Amino acid sequence: MSMERFVYADNAATTPVSEEVLKAMLPYFREGYGNPSSIYQKGRDAAKAIRLARDKVARGIGAQPEELYFTSGGSEADNWAIKGVVEALAKKGKKHIITTAFEHHAVLHVCQSLRKHGIETTYLEVGPLGVVKAEDVAAAIREDTALVTIMYANNEIGTIQPIAEIGKICREKGILFHTDAVQALGNLEIDVKAQNIDLLSLSGHKIHAQKGVGALYIRKGVRIPNLIEGGGQEGGHRAGTENVPAIVGLGVAVEIATKDIQARADKTRKMRDRLIDEITKLPRTRLNGDREHRLPGNVNVSFEGIEGESLLLMLDLRGVAASSGSACTSGSLDPSHVLLSIGLVHEVAHGSLRLSITHETTEEDIDHILKVLPPVVEQLRAMSPLWENIVKGENR
Ligand SMILES: *Cc1c(COP(=O)(O)O)cnc(C)c1O
């Protein structure tokens, strides 16, 4: 089978480093190799590059530069935020976390691991549309609640959570609010002050910076324990010589991603809607997650009578790179916890496909997906005993 075209439709898993980002990073590998802690010119130049990057990232989310801490990515930021707040507040008897059932594993597994330290977690339901209700957050708050951690937008089904409403409730009740904004950054407006966010995680590689770099915003006045002890980097809170090229790249990536959000989102949304409209015309095919409160580039559909992994392999052969859940869960046979959280039964969850596009996706890319996907679905169903039973059930 010749591969005439390659369409990358898995931008929620990772994105390529953009030309602008790469260009900004390159000088810091060779000429600009100084240690930012050194006092001679080469060191000061590197320190200045980090300062500029911190300014850019801060500006992108409405924070002050000194409220930003560079990390190795979104997972590290999530871990630090949650463990940090809990460690700081458990001493004061606050041993309760509120989150949702469909967070990223970097949040869920942290909450699970804290159980053995006597920390209790409430996992709020997100309902069939995958949107948590702010009033459910309010109702779950207890005397001993230390932290509310709820993602801004879901990485699998793309649903957008009422972050500002939740932030307001938490601020009024004096409870710290963390949000994993890895998928929201560059797609939705973020203003940590207006939205009353106390801690926020972001990652570089979902917005065209490199893998292995991210940041945690910690509002001034919020004190959590240091993540790594050592030198004075990141205000002494996260020691270790800085990854200068990666941080420079992150700064540029955030600057680009947070400019013209509306225009890019409008363009992406149009292509996304075309995909959704066409794909859901197939029989026994459903869209997962709310259609309106949804990331501009996210399509997540389930095809009854199909096995998601086979679908991905067939699409790969036809030049389409997509995902069946989150990249971390594919390869395992457990259905996605996100799809189960919105009430899908196992068989249907197994037949799911996530396409994640950007404004750089083209109409021709969409044409290609819409050309190859329906025949693949039909072919797989023709071979599927599951599908045979479904059709028989219909005729009975
Ligand atoms: C990708 C992702 C992460 C993890 O970020 P890394 O930089 O890969 O560690 C966390 N949360 C969400 C919602 C993500 O999509």
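Read the numbers this way: they start at 1 and go in the same order the structure lists the ligands and their atoms. Note that the structure is a prediction, hence the values are computed from the model and not measured.
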Contact partition for K206 relative to ligand 1, non-hydrogen atoms under 4.0 Å: side chain
Residue S75 vicinity, atoms of ligand 1 by number, heavy atom under 4.0 Å: 4 (C), 5 (O), 6 (P), 9 (O)
Per-atom contacts, ligand 1 versus G73 - under 4.0 Å to a heavy atom: 7 (O)
Residues R291, D277: salt bridge by 4.0 Å N-O rule: yes
Under 4.0 Å to a heavy atom of H205 - the qualifying atoms of ligand 1, by number: 6 (P), 7 (O), 8 (O)
Closest approach of I369 to L355 (non-hydrogen atoms, all atoms of both residues): CG2-CD1, 4.1 Å
Top protein contact for atom 6 (P) of ligand 1, by heavy-atom distance: G74 N, 3.4 Å
Nearest protein heavy atom with distance in Å, relative to atom 3 (C) of ligand 1: H104 NE2, 3.5 Å
Close side-chain approach of K42 and Y33, heavy atoms under 4.5 Å: yes
Presence of salt bridge, R269 and D266, under 4.0 angstrom: yes
Per-residue contact class, A106 against ligand 1 - non-hydrogen pairs under 4.0 Å: neither
E278/R274 ion pair, N-O < 4.0 Å: no
Heteroatom proximity flag, Q183 to ligand 1, N/O under 3.5 Å: yes
Hydrophobic cluster identity match, Y69 and I247, side-chain contacts under 4.5 Å: no
Nearest-contact summary for atom 7 (O) of ligand 1 - protein heavy atom, Å: S203 OG, 2.7 Å
Presence of salt bridge, D191 and K193, under 4.0 angstrom: no
Closest protein heavy atom to atom 10 (C) of ligand 1, given as residue, atom name and distance to 0.1 Å: D180 OD2, 3.4 Å
